[in-house]
Enquirer: 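I have a structure I would like to understand better, so I am pasting it below and will then ask my questions one at a time.
We're numbering straight along the sequence, starting at 1. None of the values given here were measured: they were computed from a predicted structure.
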Amino acid sequence: MTATDALTRTPLVENYLSDHPETRHYLHAVLMGKLTSGDDLITAHLAPMINSVYQQIRHMVDPGNLNQTQAHMYIAELAVFARYNAQFLRLAADTVAGYCPELAHELRRNYLEEGGERGKIPAHYILYTRALLADLGLLVNGHVPADETAKLVLLHQVMVNSHMPSVIAGGYYATEGVAIAETEILRDITDRYGQLTSQASGQNLPALDYYYRLHLDDEHEAAQIGGLSVEAAHIEGLAQFIRNSDRYGLDLPQAVEGFLQIFNGMTDWWTQLAHRARNLN
């Protein structure tokens with residue numbers, strides 16, 4: 001049985017909670033309304049779970065050992081969510097605006113960054129797809145997603161239209177909380193594709209290198225909050241609403257529900273993509 005098979009038999013999040021009973025008990029208590037510390041929830045439980053699970057995902061994907069077909073598949077599938085992310089952020093901001101204008105402001109700020117605020121850096125999806133064309137000769141525009149990717153898009157579509165703003169807050173914390181790890185994995189995958197096709201990676205793929213630095217570098221011109229990269233600012237911007245749920249009138253159990261909906265969906269997506277990649281050998 002391969003490592004991917006073993007991980008799939010028990011979903012990654014379930015596996016983590018089995019190995020970390022303190023987090024499982026904390027989540028149970030929050031969901032039952034017995035604990036109300038959003039700060040402890042983020043710092044001691046959700047953030048460590050994201051880090052640990054995405055280390056497993058990196059091991060499962062194993063970017064440095066992908067063949068060209070496998071790398072291409074990942075690149076095309078990972079581009080799909082980027083295609084829709086800005087409109088999801090806009091819809092989420094509109095949905096919560098009447099209940100929590102501060103959360104709406106944060107989501108709208110992220111929307112303008114992702115979707116391309118006029119006079120500033122173009123939409124991130126445009127930058128990314130152009131970089132794939134310029135550096136790798138890859139066309140992903142209009143790619144029809146695999147079933148597992150379409151399911152992930154549907155989960156986000158349902159979440160951003162939720163009648164519960166707290167579910168949206170938790171769901172978007174999951175979406176943003178994994179963004180640095182996912183961007184780093186994607187960078188390694190595009191580097192692998194470049195190595196296999198043109199013996200180029202990193203700074204030798206200049207358009208992609210700019211795109212990744214835009215998201216990950218604290219001092220990049222796109223960073224709008226001092227000392228934090230674009231993605232780190234998105235993570236902390238959403239985390240504050242869970243950390244301070246009482247201040248913003250958000251329901252912590254509902255926020256955990258939203259987090260688990262999206263985090264489970266994203267980890268399942270990666271697992272299914274890993275299976276798809278293995279079958280491309």
Side-chain angles (χ1 to χ4, degrees), residues 2-4 7 12 50-83 85 113-114 121-143 145-146 148-149 152 175-223 229-232 234-235 266-267 269-281:
T2 67
T4 304
L7 288 170
L12 292 173
I50 290 170
N51 291 336
S52 177
V53 168
Y54 268 79
Q55 287 174 10
Q56 293 180 68
I57 288 172
R58 169 177 285 281
H59 176 72
M60 185 169 57
V61 174
D62 195 10
N65 286 309
L66 297 175
N67 63 37
Q68 183 176 334
T69 303
Q70 291 169 329
H72 187 179
M73 182 277 295
Y74 275 113
I75 292 166
E77 294 301 321
L78 268 62
V80 172
F81 184 75
R83 182 193 304 170
N85 190 28
E113 284 188 1
E114 290 288 339
I121 291 172
H124 292 183
Y125 175 71
I126 300 301
L127 286 175
Y128 178 56
T129 53
R130 286 177 179 174
L132 290 175
L133 280 170
D135 289 348
L136 301 177
L138 283 178
L139 177 67
V140 299
N141 306 72
H143 169 72
E148 52 266 37
T149 304
L152 180 68
T175 303
E176 297 295 352
V178 307
I180 289 176
E182 290 197 335
T183 302
E184 291 173 342
I185 293 171
L186 178 58
R187 179 180 59 191
D188 289 349
I189 293 171
T190 54
D191 276 351
R192 175 63 173 170
Y193 189 91
Q195 291 164 356
L196 291 171
T197 56
S198 62
Q199 294 76 53
S201 62
Q203 294 182 356
N204 294 319
L205 301 172
L208 283 165
D209 182 59
Y210 176 85
Y211 174 81
Y212 293 129
R213 288 189 294 103
L214 180 155
H215 286 82
L216 300 174
D217 287 4
D218 292 338
E219 302 302 323
H220 195 277
E221 61 180 311
S229 69
V230 165
E231 293 297 357
H234 286 185
I235 293 169
M266 299 188 85
T267 58
W269 174 55
W270 278 103
T271 302
Q272 297 308 315
L273 287 181
H275 270 288
R276 183 176 290 272
R278 187 187 64 183
N279 293 330
L280 294 174
N281 272 328

Enquirer: Are any side-chain N or O atoms of Glu148 and backbone N or O atoms of Trp269, one a donor and one an acceptor, separated by less than 3.5 Å?
Expert: no
Enquirer: Salt bridge (Lys or Arg N to Asp or Glu O under 4.0 Å) with Asp209: which residues, sequence neighbours excluded?
Expert: Arg213
Enquirer: Please tell me if the side chains of Leu78 and Leu273 come closer than 4.5 Å, counting only heavy atoms from C-beta onward.
Expert: yes
Enquirer: Over all heavy atoms of both residues, which pair between Glu114 and Asn85 is shortest? Give the atoms and the distance, please.
Expert: CD-ND2, 3.7 Å
Enquirer: Side-chain donor-acceptor pairs under 3.5 Å in residues 197-207, sequence neighbours left out?
Expert:
residue	atom	partner	partner atom	Å
Thr197	OG1	Tyr193	O	2.7
Ser198	OG	Gly194	O	3.2

Enquirer: Find the distance between CD (Gln68) and CG (Leu280) and round it off to the nearest 0.5 Å.
Expert: 12.0 Å
Enquirer: So which atom in Tyr54 and which in Glu182 form the shortest heavy-atom distance, rounded to 0.1 Å?
Expert: OH-OE2, 2.8 Å
Enquirer: Under the salt bridge (charged side-chain N to carboxylate O under 4.0 Å, His left out) rule, what pairs show up with a residue in residues 122-136, not counting sequence neighbours?
Expert: none
Enquirer: Quick one: CD1 on Ile235 to CD on Glu176, what's the gap to the nearest 0.5 Å?
Expert: 7.5 Å
Enquirer: Below 4.5 Å, heavy atoms only, C-beta onward: do Leu132 and Thr190 meet side chain to side chain?
Expert: yes
Enquirer: Going from CD1 on Ile50 to CE on Met266, what distance comes out if it is rounded to the nearest 0.5 angstrom?
Expert: 10.0 Å
Enquirer: Which value, rounded to the nearest 0.5 Å, describes the distance between Arg192 atom CZ and Asn67 atom CG?
Expert: 8.0 Å
Enquirer: How far apart are the closest heavy atoms of Pro63 and Arg58, and which atoms are they?
Expert: CD-O, 3.7 Å
Enquirer: Using 0.5 Å steps for rounding, measure from the CG atom of Leu208 to the CG atom of Leu127.
Expert: 10.5 Å
Enquirer: For Met60 versus Ala274, what's the shortest heavy-atom pair and its separation?
Expert: CG-CB, 3.7 Å
Enquirer: How far does OG1 of Thr267 sit from CD of Gln272, to the nearest 0.5 angstrom?
Expert: 10.0 Å
Enquirer: Identify, with sequence neighbours excluded, every residue that meets ring-ring contact (aromatic ring centres under 6.0 Å, His included) alongside Tyr74.
Expert: none
Enquirer: Using atom types as modelled and distance alone, determine if a side-chain donor or acceptor of Arg83 lies under 3.5 Å from a backbone N or O of His143.
Expert: yes
Enquirer: Taking salt bridge (Lys or Arg N to Asp or Glu O under 4.0 Å) as the definition, give me every residue that meets it alongside Glu184, ordered by chain and number, with sequence neighbours left out.
Expert: none
Enquirer: Please find the pair of heavy atoms, one from His72 and one from Leu138, that lie closest to each other, and give the distance.
Expert: NE2-CD2, 3.6 Å
Enquirer: Any side-chain heavy atom of Tyr212 sitting closer than 4.5 Å to one from Thr183?
Expert: yes
Enquirer: Do Leu186 and Tyr128 make a side-chain contact, defined as non-hydrogen atoms from C-beta onward lying under 4.5 Å apart?
Expert: yes
Enquirer: Please give me the minimum heavy-atom distance between Glu77 and Pro145, naming the atom from each residue.
Expert: OE1-CA, 3.8 Å
Enquirer: Is there a side-chain contact between Val61 and Ile57 in this structure, where contact means two heavy atoms from C-beta onward sitting under 4.5 Å apart?
Expert: yes
Enquirer: Just jot down the side chain to side chain contact (heavy atoms under 4.5 Å, CB included) partners of Asn141, sequence neighbours excluded, or say none.
Expert: Tyr125, Thr129, Leu139
